Amino acid sequence: MEKKSGHRFVVQRHAATRLHYDFRLEMEGVLKSWAVPKGPSLDPADKRLAMQVEDHPVSYFDFEGTIPEGNYGGGTVMLWDVGIWEPLSPVPVKGKFVPGTDREASAMLKGGDFKIRLHGKRLNGDFALIHMKARRPGSKGTEWLLIKKQDDDVIKSYNIDDYQTSVLSKRTMGQIAGDEGSKEWTSSRPAAKGKLKAPWLAETLARLDRKKTKDSPAPDTEKHRGKKKQKKSR
């Protein structure tokens, strides 16, 4: 286990078998990780499915580049957002969440109701990761929901596709994939073979793919369509 170096978080846009976003929190010496098919949202109305995956090494935090074909997670990886996270106390004060401790964070994660505050370039404010207790056929119990809490950083009708470039290099996914100078990451295990073992998950991801195809493509722009302008720099 690697030495803990802080409370960083990263969101990586990952074009693997299907395009998704990897949400990772530096915690207990590793990157606690969730695969979010539709990506995080700043609209509390969006309850994003987040599949918890294996912990990743802290050295993977700032990786942007390509994972060669044949490796687990093979595809293009973009640094979509980076920043700092802090745990929130499970007990609100006067109806508002207040900073918590690492011990509370560990207990909340284990209990399946994990509240955090993000300070990123694109994501800011309070979020909750809620473990889905109901088990569907074929489920491994790794299903969570990533939900934005009500605060000053809420943006209604948030569209993640408004943000198509890396916060590190300002490159698009296509530019990263086509750059011979991009970094490479060799996975510790080979790519999985065969179809997804959980039929319900395959159906969920297929519906997301159909919806994305139906929607008109968003322009490659950093312009925001929300009702208010974000305070933070993008």
Side-chain angles (χ1 to χ4, degrees), residues 1-37 39-40 48 50-87 100-110 114 116-124 127 129 140 142 144 146 160 163-193 232-234:
M1 183 176 289
E2 297 191 20
K3 184 179 179 181
K4 181 177 177 180
S5 56
H7 278 180
R8 298 178 297 174
F9 84 89
V10 63
V11 179
Q12 291 162 313
R13 197 168 193 248
H14 190 176
T17 304
R18 288 181 173 86
L19 179 67
H20 65 279
Y21 293 77
D22 293 314
F23 180 72
R24 310 187 194 278
L25 302 175
E26 184 180 17
M27 183 178 180
E28 299 173 350
V30 296
L31 296 177
K32 299 292 182 182
S33 302
W34 291 262
V36 186
R48 298 303 200 206
M51 305 295 297
Q52 189 169 19
V53 298
E54 71 279 0
D55 297 340
H56 278 54
V58 173
S59 56
Y60 191 70
F61 175 84
D62 59 354
F63 173 72
E64 178 176 276
T66 59
I67 302 175
E69 184 178 353
N71 285 264
Y72 175 73
T76 305
V77 178
M78 169 199 285
L79 280 175
W80 187 86
D81 197 17
V82 294
I84 301 296
W85 71 276
E86 59 180 315
T101 65
D102 285 351
R103 180 175 295 182
E104 287 176 319
S106 295
M108 285 189 293
L109 181 61
K110 185 176 181 180
F114 190 26
I116 57 176
R117 181 168 292 158
L118 301 181
H119 305 279
K121 294 181 180 296
R122 290 174 174 161
L123 298 179
N124 288 279
F127 288 79
L129 275 160
K140 294 183 179 180
T142 57
W144 295 63
L146 177 61
I160 197 168
Y163 306 92
Q164 296 282 338
T165 57
S166 163
V167 294
L168 174 69
S169 64
K170 308 304 179 184
R171 296 180 296 175
T172 65
M173 294 290 280
Q175 290 170 332
I176 294 170
D179 187 350
E180 294 182 356
S182 289
K183 295 180 181 178
E184 284 193 358
W185 181 280
T186 302
S187 177
S188 59
R189 58 193 175 102
K193 296 181 179 179
K232 301 282 185 176
S233 170
R234 299 190 180 104

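Every value quoted in this text rests on a predicted model; they were computed, and no experiment measured them. Only heavy atoms go into these numbers, but all of them, side chains included; no hydrogens, no water, no symmetry mates.
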Inset, instruction - Apply side chain to side chain contact (heavy atoms under 4.5 Å, CB included) to Gln175 and Lys170, showing your working. - result: CA-CA 10 Å; Gln175 290 170 332; Lys170 308 304 179 184; over 6 Å; no
Inset, instruction - Test Trp80 against every option in Ile160, Val167, Asp22, Val10 by the side-chain contact (heavy atoms from CB on, under 4.5 Å) rule and name the one that passes. - result: Ile160
Inset, instruction - Kindly give the heavy-atom pair with the smallest separation between Tyr21 and Gly39, and that separation in Å. - result: CD1-CA, 3.4 Å
Inset, instruction - Please test His14 against Ile67 for side chain to side chain contact (heavy atoms under 4.5 Å, CB included), starting from the C-alpha separation and ending with a verdict. - result: CA-CA 10 Å; His14 190 176; Ile67 302 175; 4.2 Å; yes
Legend entry - Axial cation check for Phe61 ring with Arg8, 6.0 Å and 45° limits: yes
Legend entry - Minimum heavy-atom distance Arg171-Met78, with the two atoms named: O-CE, 3.4 Å
Legend entry - Minimum heavy-atom distance between Asp81 and Lys121, given as atom pair plus value: OD1-N, 3.0 Å
Inset, instruction - Indicate the ring-plane relationship of Tyr60 and Phe63, choosing parallel, tilted or perpendicular according to the 30° and 60° boundaries. - result: parallel
Inset, instruction - Just say parallel, tilted or perpendicular for the rings of Trp34 and Phe23, cut-offs at 30° and 60°. - result: tilted
Inset, instruction - Look at the side chain of Gln12 and the backbone N and O of Val77, then say whether any donor-acceptor pair between them is shorter than 3.5 Å. - result: no
Inset, instruction - Run the numbers on Met173 and Leu19 for side chain to side chain contact (heavy atoms under 4.5 Å, CB included), then give the verdict. - result: CA-CA 11 Å; Met173 294 290 280; Leu19 179 67; 4.3 Å; yes
Legend entry - Sub-4.5 Å side-chain heavy-atom contact between Pro37 and Arg18: no
Legend entry - Any Met108 side-chain heavy atom under 4.5 Å of Ile116 side chain: no
Legend entry - Option among Arg24, Met27, Glu26 that satisfies the side-chain contact (heavy atoms from CB on, under 4.5 Å) test with Val58: Glu26
Legend entry - Exercise: identify the closest heavy-atom pair between Ala177 and Thr76: CB-OG1, 3.4 Å
Legend entry - Check: Thr142 side chain, Lys140 main-chain N or O, donor-acceptor pair, under 3.5 Å: no
Legend entry - Considering all heavy atoms, the nearest Val11-Phe9 contact: CG2-CE1, 4.2 Å
Legend entry - Close side-chain approach of Val36 and His20, heavy atoms under 4.5 Å: no
Inset, instruction - Start with the C-alpha gap between Asn124 and Leu118, add the side-chain angles, then the distance that decides, and say whether side chain to side chain contact (heavy atoms under 4.5 Å, CB included) holds. - result: CA-CA 5 Å; Asn124 288 279; Leu118 301 181; 5.8 Å; no
Inset, instruction - Can you measure from CG (Leu129) to CG (Leu25) and round to the nearest 0.5 angstrom? - result: 7.0 Å
Inset, instruction - Would you name the heavy atoms of Glu86 and His7 that are closest together and state the gap between them? - result: CA-ND1, 4.4 Å
Inset, instruction - Drop me the distance from Leu168's CG to Ile176's CD1, to the nearest 0.5 angstrom. - result: 8.5 Å
